[in-house]
Engineer: 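Pasting a structure below so you can have a look.
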Amino acid sequence: MYESEFEQSVFDLRREKLKQIEALGHPVYPNSFAATHTLAAIRAEYDTATSETLEQNRVSVAVAGRIMAIRAQGKAGFAVLQQNGVRLQIYVRLDAVGEPGFQLYKLLDMGDHIGVTGYLFRTRSGELTVHVDTLTFLSKAMLPLPEKYHGLADVELRYRQRYVDLFMNADVREVFVKRAAVLRAMRKVFDERGFLEVETPMMQPIAGGAAAKPFTTHHNALDIDLFLRIAPELYLKRLVVGGLDRVYEINRNFRNEGISTQHNPEFTMLEFYQAYANYHDLMDLTEELIPYVAMEVNGTTKTVFNDVEIDLSQWQRFTMREAIIHFWDEEAGPRPTMEDFLDIGSLKSWIEKIIPREILLRDTLQGIDVRPPFVQRALGISTPPPNLHARLNAVLHFIYLRMVRDEITVGQGIASMFEAVAEEHLIQPTIIYDFPLAVSPLSKQKPDEPDWVERFEFYIGGFELGNAFSELNDPVEQRNRFLQQLGERERGDAEAHAMDEDYVRALSFGLPPTGGEGIGIDRLTMVLTGSRSIRDVILFPLMRPQVKQADADAMSE
RNA sequence: GAGCGCGUAGCUCAGGUGGUAGAGCAACGCACUUUUAAUGCGUGGGUCCUGGGUUCGAGUCCCAGCGCGCUCACCA
């Protein structure tokens with residue numbers, strides 16, 4: 001537990017102080033304190049009260065808090081109490097608290113919890129302060145607090161010891177208060193619109209509803225492997241089949257994939273389903289929902305993310321293909337047209353206008369690995385690529401090779417192009433709609449374009465926050481889509497869907513036309529709090545456990 | 001998974017070109033009855049992330065590993 005002999009000695013020293021406090025007649029770990037006010041209530045009520053008002057109508061208070069600063073000054077002294085993120089100064093003087101009270105004051109350390117009674121006044125410099133009559137010891141900080149001015153700055157320590165981070169850094173606390181406000185606002189919206197909040201299994205025999213690698217676990221009594229869910233989607237739609245026309249769930253999903261500033265292995269998603277709605281209805285709903293939540297949380301629809309001001313009430317919409325065309329940088333080559341997206345042949349010949357055919361083909365002839373890093377290396381591009389064009393070229397090359405090899409469809413190629421060309425430009429709220437069928441195994445096809453589906457994602461701050469579609473409700477088509485996914489699974493795509501017979505059976509009882517959407521709560525909170533890393537909006541982000549040297553030695557023995 | 005950066009006292013940080021480790025806060029002692037990053041005087045505190053190597057000598061240079069961050073890949 002101790003980081004050092006220094007900490008050990010501080011701990012021991014404070015045990016001595018506890019003994020002395022006990023000798024003064026104070027219980028060292030009392031079980032309550034009868035406060036008359038919270039510090040927040042005092043600040044709210046008396047922050048504007050003048051010195052004269054406080055003298056004329058003496059306000060007696062009993063308050064408690066953690067000592068965040070202590071300044072002894074001979075036969076008097078100050079301390080700053082913090083409670084629920086709110087601070088208030090107290091003033092302790094020997095002639096007011098008496099000798100035993102002042103003895104206790106001298107035994108206090110930064111971080112201790114105390115309660116005091118007294119009355120409010122303003123100091124010479126005007127600070128609202130409790131003039132203490134009695135001190136009650138509540139709990140001791142046995143370990144030293146971080147530096148009082150800079151706080152706890154080391155990001156690793158902040159994540160690993162969030163309990164310290166939270167009481168040292170007020171802005172951290174604020175983020176999690178806002179996160180709670182996001183959840184509250186979301187629940188309010190959906191409750192008011194007649195949605196039922198439900199909870200579906202986190203442990204699933206088949207991890208479906210998204211393309212991702214699941215965590216595996218095991219149930220001993222049943223002796224079966226189970227997966228932590230990657231999405232609640234398939235269960236929620238079963239509920240709509242069951243007649244719960246409007247349902248939502250806010251809970252964790254688990255994906256056994258990389259960790260980054262935008263990905264934590266467990267993350268919170270709001271997912272909702274609305275019978276008789278389609279993706280157009282959900283686009284409209286989304287454009288109402290996000291600014292509403294922003295108003296509830298921040299009191300404004302404006303937010304600053306990565307130094308850019310974002311207005312969450314101003315939305316733009318593009319189809320995926322429009323977005324590629326719109327955000328295409330002509331310095332990289334001729335802008336594509338809708339016709340270029342028609343089929344594999346047209347997309348290939350357009351890519352040949354960007355990258356010479358002999359280069360595109362050379363690598364296939366050499367039979368090299370076509371995973372992006374290898375493509376990049378083959379093209380003489382260092383990793384990571386030094387600029388956007390090099391990265392784009394690598395992606396186009398990659399798409400081209402896989403199309404030549406019949407490994408992907410034109411739709412998958414277009415989806416990859418979209419990510420490479422457009423995603424980083426989607427800072428202001430943007431809906432991207434009409435996705436390729438090939439990357440959307442659970443979405444309903446567009447009636448006039450069967451290779452495309454009624455699906456959209458919305459982006460803010462350069463990353464995806466939500467994903468929605470008109471749900472595929474034809475069980476025969478759904479079965480075929482699953483079979484197709486199984487094929488991709490066999491070709492090595494570990495994230496392709498597994499067959500879920502029971503889900504197909506549920507659809508066979510009739511799912512009404514339904515729109516469904518998932519919204520990443522962590523990412524929305526990032527945008528609303530200006531947090532650049534998802535770890536800053538998750539209380540305990542996953543960290544590799546620290547192995548102490550002693551433990552490491554013990555394990556190797 | 002790859003590239004780059006960082007790792008020095010409990011905390012925040014200094015430590016040109018290699019020469020026995022420093023400051024502030026925190027801690028301990030003393031003084032101080034309206035301070036607020038209180039002040040003044042004094043004291044203690046370090047496996048310089050770990051393990052190798054080069055060298056007469058490594059916090060500093062080299063190699064390997066560990067942890068964290070950022071970027072990329074994957075993904076929401």
Side-chain angles (χ1 to χ4, degrees), chain A residues 2-11 13-14 51 68-80 87 89-96 102 109-111 121-127 129 131 141 143-161 164 168 210-213 230-231 253 255-265 267-269 271 371-377 381-386 391 394-395 398 419 457-459 463-467 494-495 518-524 532-535 543-549 552-553:
Chain A
Y2 304 114
E3 297 285 331
S4 63
E5 284 176 29
F6 170 83
E7 281 197 359
Q8 168 91 59
S9 68
V10 169
F11 200 99
L13 208 96
R14 294 196 177 175
S51 190
M68 294 306 289
I70 187 159
R71 296 180 285 275
Q73 221 178 332
K75 296 183 177 59
F78 291 88
V80 174
R87 293 186 172 201
Q89 181 171 263
I90 64 169
Y91 178 54
V92 181
R93 46 188 294 163
L94 174 60
D95 51 19
F102 205 70
D109 289 295
M110 297 255 287
F121 78 111
R122 282 193 185 277
T123 60
R124 219 174 267 163
S125 50
E127 178 153 354
T129 303
H131 200 290
L143 292 172
L145 264 48
E147 209 238 14
K148 64 184 170 190
Y149 188 60
H150 297 94
L152 188 66
D154 185 304
V155 286
E156 181 175 354
L157 287 180
R158 289 185 37 224
Y159 298 148
R160 288 191 192 276
Q161 301 183 36
V164 177
M168 288 304 298
K213 296 190 201 86
I230 56 175
N253 289 338
R255 299 191 182 176
N256 204 341
E257 289 170 359
I259 295 175
S260 78
T261 49
Q262 286 154 38
H263 301 84
N264 194 62
F267 64 101
T268 299
M269 189 131 100
E271 213 166 283
R371 282 174 294 169
F374 294 92
V375 174
Q376 288 160 8
R377 211 165 296 152
I381 300 164
S382 64
T383 42
R391 195 159 74 233
V395 170
F398 177 52
E419 282 164 24
E457 292 181 344
F458 70 93
Y459 290 79
F463 52 75
E464 181 192 341
L465 264 83
N467 178 20
E495 296 180 358
I519 297 176
I521 294 296
D522 313 272
R523 289 185 177 181
L524 179 58
R532 289 167 188 237
S533 170
I534 198 167
R535 286 173 221 116
M543 303 288 276
R544 201 181 291 271
Q546 262 179 329
V547 181
K548 291 273 158 54
Q549 196 56 45
D553 293 345

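For the numbers below, each heavy atom of this structure counts, side chains included, while hydrogens, waters and symmetry mates do not. Keep in mind the model is a prediction, meaning the values are calculated, not measured.
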Engineer: Of all the nucleotides listed (B:A76, B:G69, B:C11), which has the minimum atom distance to the side chain of A:Ala211?
Structural biologist: B:A76

Engineer: Any base atoms under 4.0 Å from A:Gly77, or only sugar-phosphate, or nothing? Heavy atoms, all strands.
Structural biologist: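 Nothing: the residue A:Gly77, judged by heavy atoms under 4.0 Å, touches no strand.
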
Engineer: Please report the distance, rounded to the nearest Å, between CD in A:Glu156 and P in B:C66.
Structural biologist: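 For the pair A:Glu156 CD and B:C66 P, the rounded distance is 14 Å.
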
Engineer: Rounded to the Å, how far apart are A:Met68 CE and B:U35 C1'?
Structural biologist: 18 Å

Engineer: So is the aromatic ring of A:Phe463 stacked onto the base of B:A76, judging by whether the centres are under 5.5 Å apart and the planes are under 30° apart?
Structural biologist: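 Given the distance and angle limits, no, they do not stack.
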
Engineer: A:Glu127 near the nucleic acid: base, sugar-phosphate alone, or nothing, with a heavy-atom cut-off under 4.0 Å?
Structural biologist: base

Engineer: Can you measure A:Arg158 atom CZ to B:G69 atom C1' for me and round it to whole angstrom units?
Structural biologist: 12 Å

Engineer: For B:G10 and B:C48, measure between their P atoms and round to the nearest Å.
Structural biologist: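 Result for the P pair: 12 Å, nearest Å.
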
Engineer: Counting only side-chain heavy atoms from C-beta out, which of B:C11, B:U34, B:G69 sits nearest to A:Phe121?
Structural biologist: B:U34

Engineer: Using a heavy-atom cut-off of 4.0 Å across all strands, would you classify A:Leu13 as base, sugar-phosphate, or nothing?
Structural biologist: sugar-phosphate

Engineer: Mind checking if A:Met543 touches a base, just sugar-phosphate, or nothing, with heavy atoms under 4.0 Å?
Structural biologist: sugar-phosphate

Engineer: Please check the phosphate of B:C68 (OP1 and OP2 only) for any side-chain N or O of A:Arg160 closer than 4.0 Å.
Structural biologist: yes

Engineer: Backbone N or O of A:Glu457 within a donor-acceptor pair of the A:Asn467 side chain at under 3.5 Å?
Structural biologist: no

Engineer: Heavy atoms only, 4.0 Å cut-off, all strands: where does A:Asn256 land among base, sugar-phosphate and nothing?
Structural biologist: nothing

Engineer: Using a 3.5 Å distance criterion without hydrogens, assess whether the side chain of A:Glu7 forms a donor-acceptor pair with backbone atoms of A:Leu143.
Structural biologist: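 Such a contact is absent between A:Glu7 side chain and A:Leu143 backbone.
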
Engineer: Hey, is the main chain of A:Ile230 close enough, under 3.5 Å, to the side chain of A:Arg255 for a donor-acceptor pair?
Structural biologist: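 Yes, the answer is positive, given that a donor and an acceptor are paired below the 3.5 Å cut-off.
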
Engineer: Base, sugar-phosphate, or nothing for A:Asp522, non-hydrogen atoms under 4.0 angstrom?
Structural biologist: nothing

Engineer: At under 4.0 Å between heavy atoms, which parts of nucleotides 37-45 of chain B does protein reach? Answer with one letter per nucleotide, 5' to 3': B base, S sugar-phosphate only, - none.
Structural biologist: BB-----B-

Engineer: Please state how far atom CD1 in A:Ile259 lies from atom P in B:A76, giving the value in whole angstrom units.
Structural biologist: 16 Å

Engineer: Between B:A73 and B:A58, how many Å separate the two P atoms, rounded to a whole number?
Structural biologist: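 Between the two P atoms, the distance is 44 Å.
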
Engineer: Let me see the working for A:Glu156 and A:Met543 under side chain to side chain contact (heavy atoms under 4.5 Å, CB included), right down to the final yes or no.
Structural biologist: CA-CA 9 Å; A:Glu156 181 175 354; A:Met543 303 288 276; 4.0 Å; yes

Engineer: Should the ring pair A:Tyr91 and A:His131 be called parallel, tilted or perpendicular, given that the plane angle runs from 0 to 90° and is split at 30 and 60?
Structural biologist: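 A:Tyr91 and A:His131: perpendicular rings.
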
Engineer: Could you tell me how far B:C63 sits from B:C72 if I compare only their P atoms? Round to whole Å.
Structural biologist: 27 Å

Engineer: From the set B:U35, B:C66, B:G69, return the single nucleotide nearest to any side-chain atom of A:Arg544.
Structural biologist: B:C66

Engineer: Contact class for A:Glu457 (heavy atom, under 4.0 Å): base, sugar-phosphate, or nothing?
Structural biologist: nothing

Engineer: Base, sugar-phosphate, or nothing for A:Ser533, non-hydrogen atoms under 4.0 angstrom?
Structural biologist: sugar-phosphate

Engineer: For A:Gln89, enumerate each residue passing the side-chain hydrogen bond (donor to acceptor under 3.5 Å, both in side chains) test, keeping only those at least two apart in sequence or located in another chain.
Structural biologist: A:Arg71, A:Thr129

Engineer: So what does A:Leu157 hit on the nucleic acid, given a heavy-atom distance under 4.0 Å: a base, only sugar-phosphate, or nothing?
Structural biologist: sugar-phosphate

Engineer: Measuring only the P atom in each nucleotide, how far is B:A21 from B:U47? A whole number of Å is fine.
Structural biologist: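 To the nearest whole Å, 13 Å.
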
Engineer: With the side chain of A:Ala153 defined as its heavy atoms from C-beta on, choose the nearest nucleotide among B:U33, B:A76, B:C13.
Structural biologist: B:C13

Engineer: Can you confirm whether A:Met168 sits close enough to A:Leu145 that some side-chain heavy atom of one is under 4.5 Å from a side-chain heavy atom of the other?
Structural biologist: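 A:Met168 reaches A:Leu145 side chain to side chain.
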
Engineer: For A:Lys148 and A:Met68, run side chain to side chain contact (heavy atoms under 4.5 Å, CB included): C-alpha distance rounded to whole Å, both residues' side-chain angles, the deciding distance at 0.1 Å, then the answer.
Structural biologist: CA-CA 8 Å; A:Lys148 64 184 170 190; A:Met68 294 306 289; over 6 Å; no

Engineer: Determine: side-chain N/O of A:Arg535 to OP1/OP2 of B:C70, distance under 4.0 Å, yes or no.
Structural biologist: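 Indeed, a polar side-chain atom of A:Arg535 lies that close.
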
Engineer: Send over the distance from A:Ile230 CD1 to B:A76 P, rounded to a whole Å.
Structural biologist: 9 Å

Engineer: Between B:G16 and B:G7, how far apart are the two P atoms, rounded to whole Å?
Structural biologist: 13 Å

